[in-house]
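Notes follow once the structure below has been shown.
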Amino acid sequence: MTGIHGRRGPFTDGDTVQLTDPKGRMHTITLSEGGTFHSHKGKVDHADLIGQPEGSVVRSNTGTSYVALRPLLIDYTLSMKRGATIVYPKDAAQVLVEADIFPGARVVEAGAGSGAMSNWLLRAVGEQGMVHSYERRADFAEIARKNVERFHGGPHPAWKLTVGDLVESLDETEVDRVFLDMLAPWECLDAVAGALIPGGLVCCYVATTTQLSRVVEEMREDPRFYEPRSWETMLRTWHVEGLAVRPDHRMIGHTGFLVVARRLADGAEAPERRRRPAKGAYGKDFTPVRERDGRAGAEAGTATAGAAPAAVAPVAPTEPDAATPTEPAAPAEPTGPDAATPDAGSDGDAR
């Protein structure tokens, strides 16, 4: 059932069906001979659905009408049983596009969580591709396995699930894409770089700004990855009723940040990226990642407090007054690079 089988034609025994009531509430069931769906609105016998075309309307014994359809993957994702928090459809769509997940791709995923992203990746790579998912927790892995197999009607030929740590268990090579959904993805960058092909791509999904900053800075300091990009998406639906056309009062705001970076060829040295950081982005409070971890060495350079890293090319102000303080400094004030203190909010838009 990984292809068109189970997606067309009348409902049959074993099909997954979505029943939607008049209030829009969805109920996902698996049809079986002699089975019955029960709710506070009464019961519906599975026999009333088996043999009926998709899009039929059935009634419970109390008269409540239900529209019967095979669930879309987006509906299944939002209604399936969860262990870990899922990757929401708006972010899954961004991963498939921005990470360029293509038919036949070899993809590594960590962690599997509840299996939501595994389903989207399998949909994209097809039966000729490969998705190898890693999950540290055995209970989450079991939930993911059940969710994937339920949607596809059985084990998917392109999916492999491993219970274990990615760094310790990863043995794939020649991988096209890696998707990391975990607390500290920067800890896996060495293993990821060893698995990716030149030109391959790693995509990280993180929840907080501190995670975002850490993974981006780690990628920038690793010569095997090219300049990372980061972003988030927000979704706002609209209310449309006659002349009342307006945005809905509720929207899906922040769910997570996405970061993507490409794998460079071994021995390749990327040119310095010219950026214009905000004032104070690399001020006296900035400490490079490697120094924070106590891993500073000769290769980390000699950047000091208040100095920009080597990757940042300083750009002269474009206006004569760009560097002039709003208030004249007293003559006794120092005139060196640390004389001006960055504004408290200037770090937020550092890049």
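Throughout, residue positions are numbered sequentially from 1 according to the sequence presented. These numbers were taken from a predicted model, which means no experiment stands behind them.
- Ser39 and His27 share no donor-acceptor pair across their side chains, judged by distance under 3.5 Å alone.
- To the nearest 0.5 Å, atom CG of residue Leu201 and atom CG of residue Leu196 are 7.5 Å apart.
- Between Asp266 and Arg263, at least one side-chain nitrogen of the basic residue sits less than 4.0 Å from a carboxylate oxygen of the acidic one, meeting the salt-bridge criterion.
- Using a 4.0 Å cut-off between charged nitrogen and carboxylate oxygen, Arg106 and Asp176 do not count as a salt-bridge pair.
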| query | Taking it one step at a time, do Thr28 and Val17 satisfy side-chain contact (heavy atoms from CB on, under 4.5 Å)? | reply | CA-CA 6 Å; Thr28 303; Val17 177; over 6 Å; no

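- Judged purely by distance below 3.5 Å, without hydrogens or angles, the side chains of Tyr205 and Asp91 pair a donor atom with an acceptor atom.
- A distance of 6.0 Å separates CG of Leu19 from CG of Leu49, quoted to the nearest 0.5 Å.
- The distance from atom OG1 of Thr208 to atom NE2 of His254, rounded to the nearest 0.5 Å, is 7.5 Å.
- For the atom pair OG of Ser169 and CD of Glu135, the computed distance is 11.5 Å after rounding to the nearest 0.5 Å.
- Salt bridge absent: Asp21 and Lys41 never bring a charged side-chain N and a carboxylate O closer than 4.0 Å.
- Side-chain contact, Glu109 with Ser118: a donor N or O sits under 3.5 Å from an acceptor N or O.
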| request: Mind running side-chain contact (heavy atoms from CB on, under 4.5 Å) on His46 and Ser32 for me, showing each step along the way? | output: CA-CA 6 Å; His46 290 193; Ser32 62; 3.7 Å; yes

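- Few gaps surround CZ on Arg150; more than 12 heavy atoms of other groups in view lie less than 6.0 Å from it.
- The closest side-chain donor-acceptor pair between His152 and Asn119 falls under 3.5 angstrom.
- Looking only at atom types and distance, the side chain of Gln94 has a donor-acceptor partner in the side chain of Trp231 under 3.5 Å away.
- No hydrogens or angles considered: a donor-acceptor pair under 3.5 Å links the side chains of Thr255 and Lys90.
- The pair Glu54-Arg8 does not count as a salt bridge, with every side-chain nitrogen at least 4.0 angstrom from each carboxylate oxygen.
- Contact check on Arg59 versus Asp48 returns no salt bridge, with no Lys/Arg side-chain nitrogen under 4.0 Å from an Asp/Glu carboxylate oxygen.
- Within the model, atoms OH of Tyr88 and OG1 of Thr77 stand 11.0 Å from one another, a figure rounded to the nearest 0.5 Å.
- Heavy-atom contacts from other residues, nucleotides or ligands closer than 6.0 Å to CZ of Arg250 number 12 or fewer.
- Using a 4.0 Å cut-off between a side-chain N of Lys or Arg and a carboxylate O of Asp or Glu, Arg236 and Asp248 do not qualify as a salt bridge.
- Atom OG1 of Thr237 sits about 11.0 Å away from atom NE2 of His249, to the nearest 0.5 Å.
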